[in-house]
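The block underneath contains the structure these notes are about, expressed in C-alpha cells.
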Amino acid sequence: MSQLIKAQTLKGFRDYLPAPAMARERIMEIARRVYRSYGFSPIDTPALEYTEILLGKGGDESDKQLFRFTDQGGRDVAMRFDLTVPFARFAAQHLNDLGTPFKRYHLGTVWRGENTQRGRYREFMQCDFDTIGTESNAADIETMLVIHDLLAAIGFERFSVRVNNRLVLNGLLDKLGLAEKTSGILRSLDKLHKIGRDAVVAEMVERVGATSEQATRVLDLASLSGSPADILTKLEPMLAGSPLGELGVSRLRELFSAVSTAGIPAERVRLDVSIARGLDYYTGTIYETFLADDPSIGSICSGGRYDNLAGLFTNQKLPGVGASLGLDRLLAALENLGQIDSASTPAPVLVVYFQPERLGDYLRIGRLLRAAGINAEVFPESKGVGKQLKYADRKGFRVALIAGEDEFQSGQWQVKDLKAGQQTTVAEADLVDHLQKLLAGA
RNA sequence: GUGGCUGUAGCUCAGUUGGUUAGAGCGCCAGAUUGUGGAUCUGGAAGUCGCGGGUUCAAGUCCCGUCAGUCACCCCA
C-alpha cells in the first residue's frame, strides 16, 4: 500500500462544486453584460506582478497580506491583491493606446493572505469597472447606476448602496484642524454603527488625540440622518467656509438628484456620512453596498473616486472613479440565504440511452437539440430507464427524452417533463419546437 | 497577525466519571421493478474519530502542538 496524500485545500482557498460554480458563472455573465451595456471594455492583466508594483499602494495592511515570493529567475514577485493597482500600472503603460476617458471592466481572481471568515477568503474574484481620465461628476453618478443595475440584474430587490464623499469629512476635519489625524479619525468613525457614539468619541480622544469638542463635532456631522436632501441641507452650514467640503456637498446633491431622475428607487440609495472605508486612495465619492437580507456579510460592492490612479507610474494625472463587486462574498451570501439553485447541470435535457444498437440515434438527437440552442446530455451508459431518470432527477434536469424501438419505428420521442411528471409523445420533426415551448415555460 | 469557540460516515449530529467490536437520521449503492424518477420495503458499502505527539493498563473522551472552519479585533470584496 502506497502512502495516500491527504486531499485538502489551503486555508482561505476553496473548491467549487457544480451548483455554486454555475451560480458563480451566472453572476460573471451578468456582470459582463451590465458593464458592457454601459460601454465598459474588457481588459485582463497578469496574476503576478513585480512586487514593487504592488507594494505600498493599498497601505501597510495590504503589504502584509501580499503573497510574495522569488520566482525561478530570482525576481521578487507577488500576486495581485486587487485589480485596481494592476490597472494603474496598465493605464500608465498603455495610456497612448487607450485615450481618455477610458472605461474598462475586469473580472479576475485576487489573493490576500489575511485571516479568513465567512465571505472572506484568501482567494476571491472581483468584478471591477472604472472610468478614468475624467473628473466629471457624471462618471460618479454613472458608477452609482452601474452598481444598482448590476445588483438588480443579479436578482436582488432589497439592497442599499450607501454613498458618501470624502471631501465632506475632509472638509470638516480641515475646519477643525484635524487634517493630520484624518486616517485615525476615519478609522474610529467607521465603527460608529458597531460600537456607538460614546465609544467612538472616547476612542477619538484616547487613541487619536482629538479634543472631546473636536470629536463631538465630527460625530454631530456623521450622525445626521434622514433623506439625502435633508442631510445635505444640514451639512451645508457645518461645512461653510471649507471649499472642499462645499464641493463634496454639491457633488452629492447632484448625484442624488440625477440618480433619482434616472429612475433609481430612492430606498436603494442612501447618503451615509459615516462611511469612511475604502482604500487610502479614495478622495471623492465613495460607495458601499449591503444586502438587506444579509448585512453581516459586509459590503459586496464598493468603490469610489480617486484623484490620481497612476501617479506612481506616470506623470500624467489620471483621475477616475469605479467600483468592484466581490463575487465570492456575494456567493457566500447567496448560499447563506439558500438562493443557490440546487441543479448541478447546465443542460435542461437528458437523452436516455436505452437501446445500445441505437447509440447513433441518441447522439444524433443530442446534436439536433444543441444546434437549436438547447443544451442536452446523452447518458453515457445504456442502463435501465429507471436508473437514468433517477440520475436526471438528482442532477436537476428539466426534461428526459426517451425512445426505444417502437418510437424509432414511428419517428417519435417520449418527452418526459420531470418537474410536472407528465409525459407526451412528440414526432421528431416537432421536437425542437415542443421543447423550446416547454423550457420557456419553466 | 492576536484571542474565543468548533472539528466523529458524503451531510447533520449522538457517544454517560477515559473502559471491549464508535452509533443514528438523511444521502449513496444494489434489489423488489431487465421501457419510466421523486414514495415504500429489504439488503449493502462507507469512519486514519482533522493530523501529530503526550499522559494512562486503557484516549473519540484528558494535555500539548498543528491544520482547517467559524466569531471578534484589525482590515476589507
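Below, chain A is the first sequence line, B the second, and so on; all start at residue 1.
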- Item | Residue whose nearest RNA chain B nucleotide is more 5′ - A:L10 or A:G326 | A:L10
Pairs under 3.5 angstrom, nitrogen or oxygen only, protein versus nucleotides 47-50 of chain B, please.
unit_1, atom_1, unit_2, atom_2, d
B:rG50, O2', A:K6, NZ, 2.8

- Item | Nucleotide B:rU34, atom C1' - distance to CZ of A:F354 in whole Å | 9 Å
- Message: With the threshold set at under 4.0 Å for non-hydrogen atoms, list the residues of residues 20-37 of chain A touching RNA chain B in residue-number order.
- Response: none
- B:rU61 and B:rG54: how far apart are their C1' atoms, nearest whole angstrom? 15 Å
- Message: Need to verify one output field. Residue with the more 5' nearest nucleotide on RNA chain B, A:R187 or A:K383?
- Response: A:K383
- How would you list all residue pairs meeting ring pair (Phe, Tyr, Trp, His ring centres under 6.0 Å) that involve residues 400-432 of chain A, not counting sequence neighbours? A:Y362-A:F408, A:F408-A:W413
- Item | Residue pairs fulfilling salt bridge (charged side-chain N to carboxylate O under 4.0 Å, His left out) with at least one residue in residues 33-49 of chain A, sequence neighbours excluded | A:E49-A:R89
- Listed in order of residue number, which residues of residues 114-130 of chain A have a non-hydrogen atom at under 4.0 Å from RNA chain B? A:E114, A:N115, A:T116, A:Q117, A:R118, A:G119, A:R120, A:Y121, A:F124, A:Q126
- NZ/NE/NH1/NH2 to OD/OE distance under 4.0 Å, A:R217 and A:D220: no
- Task: Let me know the distance between CZ of A:R68 and C1' of B:rG1, rounded to the nearest Å.
- Result: 17 Å
- Item | Side chain of A:K191 (C-beta onward), nearest among B:rA77, B:rC75, B:rC74 | B:rC74
- Given the P atoms of B:rC67 and B:rC74, what is the spacing between them in whole Å? 25 Å
- Task: Taking atom C1' in both B:rG31 and B:rU70, compute the distance separating them and give it to the nearest angstrom.
- Result: 43 Å
- Query: Do other residues, nucleotides or ligands put more than 12 heavy atoms under 6.0 Å from A:R207 CZ?
  - Reply: no
- Query: Could you state the CZ-P distance from A:F290 to B:rA77, rounded to the nearest angstrom?
  - Reply: 11 Å
- Query: Cut-off 3.5 Å, side chains only: do A:Y391 and A:E377 have a donor facing an acceptor?
  - Reply: yes
- Is a donor on one side and an acceptor on the other found under 3.5 Å between the side chain of A:D76 and the backbone of A:T51? no
- Message: Salt bridge or not between A:E142 and A:K103? Use side-chain N to carboxylate O under 4.0 Å.
- Response: yes
- Message: Under the salt bridge (charged side-chain N to carboxylate O under 4.0 Å, His left out) definition, can you give me all pairs with a residue in residues 334-356 of chain A, not counting sequence neighbours?
- Response: none
- Message: Whole angstroms only, please: what is the CZ-P distance between A:F67 and B:rG1?
- Response: 10 Å
- Query: Starting at CD1 of A:I340 and ending at C1' of B:rC11, how long is that distance when rounded to a whole Å?
  - Reply: 17 Å
- Task: Check every strand shown and say whether A:G12 touches a base, only sugar-phosphate, or nothing at a heavy-atom separation below 4.0 Å.
- Result: sugar-phosphate
- Item | Backbone N/O of A:V77 and side chain of A:R68: donor-acceptor pair under 3.5 Å | no
- Item | Value in whole Å for how far the C1' atom of B:rA77 lies from CZ of A:F87 | 18 Å
- Task: Check whether any side-chain nitrogen or oxygen of A:K11 sits under 4.0 Å from OP1 or OP2 of B:rC67, and answer yes or no.
- Result: no
- Message: For A:Q414, is there any backbone N or O sitting under 3.5 Å from a side-chain donor or acceptor partner on A:Q423?
- Response: no
- Examine distances only and state if a side-chain atom of A:E288 and a backbone atom of A:D272 form a donor-acceptor pair shorter than 3.5 Å. no
- Query: Just how far, in rounded Å, is P of B:rG35 from CD of A:Q355?
  - Reply: 9 Å
- For atom P, what is the distance between B:rU34 and B:rC51, given to the nearest Å? 43 Å
- Message: So that I can compare with my own list, what are the stems of RNA chain B, taken as at least three consecutive Watson-Crick or G-U pairs with distances under 3.5 Å?
- Response: B:1-7 with B:67-73, B:10-13 with B:23-26, B:28-32 with B:40-44, B:50-54 with B:62-66
- Message: Quick one: does any side-chain atom of A:E407 pair with a main-chain N or O of A:G404 as donor and acceptor, under 3.5 Å?
- Response: yes
- Using the P atoms only, state how far B:rU55 lies from B:rG10, rounded to an integer number of Å. 32 Å
- When every nucleotide of nucleotides 36-43 of chain B is labelled 5' to 3' by its protein contacts under 4.0 Å (heavy atoms), B for base, S for sugar-phosphate only, - for none, what sequence of letters results? BBB-----
- Query: How many Å lie between CG on A:L189 and P on B:rC75, as a whole number?
  - Reply: 13 Å
- Could you work out the separation of B:rC26 and B:rA68 based on their C1' atoms and round it to a whole Å? 25 Å
- Using the C1' atom in both, what is the distance from B:rU16 to B:rC62, to the nearest Å? 16 Å
- Message: Treating A:R80 as the side-chain partner and A:T45 as the backbone partner, does any N or O pair qualify as donor plus acceptor under 3.5 Å?
- Response: yes
Output a table of donor-acceptor pairs, distance under 3.5 Å, between side-chain atoms of residues 144-162 of chain A and any protein atom two or more places apart or on a different chain; print 'none' if there are none.
unit_1, atom_1, unit_2, atom_2, d
A:H148, NE2, A:R268, NH1, 2.9
A:D149, OD2, A:Y38, OH, 2.5
A:R158, NH1, A:D293, OD1, 2.6

- Query: For the atom pair CG (A:D128) and OG1 (A:T84), what is the distance rounded to the nearest 0.5 Å?
  - Reply: 4.5 Å
- B:rU20 and B:rG53: how far apart are their P atoms, nearest whole angstrom? 23 Å
- Message: Run the ring-ring contact (aromatic ring centres under 6.0 Å, His included) test against A:H434 and tell me which residues pass, sequence neighbours left out.
- Response: none
Donor-acceptor contacts, no H, no angles, side chain residues 300-311 of chain A, under 3.5 Å, sequence neighbours left out:
unit_1, atom_1, unit_2, atom_2, d
A:S302, OG, A:S299, OG, 2.5
A:R305, NE, A:D140, OD1, 2.8
A:R305, NE, A:D140, OD2, 2.9
A:R305, NH1, A:T134, O, 3.1
A:R305, NH2, A:T134, O, 3.3
A:R305, NH2, A:S136, O, 3.2
A:R305, NH2, A:D140, OD1, 2.7
A:Y306, OH, A:D130, OD2, 2.7
A:D307, OD1, A:T283, OG1, 3.2
A:N308, OD1, A:L318, N, 3.2

- Item | Listed partners of A:F397 passing ring-ring contact (aromatic ring centres under 6.0 Å, His included), at least two apart | none
- Message: Does A:G404 reach a base, just sugar-phosphate, or nothing at all? Heavy atoms under 4.0 Å.
- Response: base
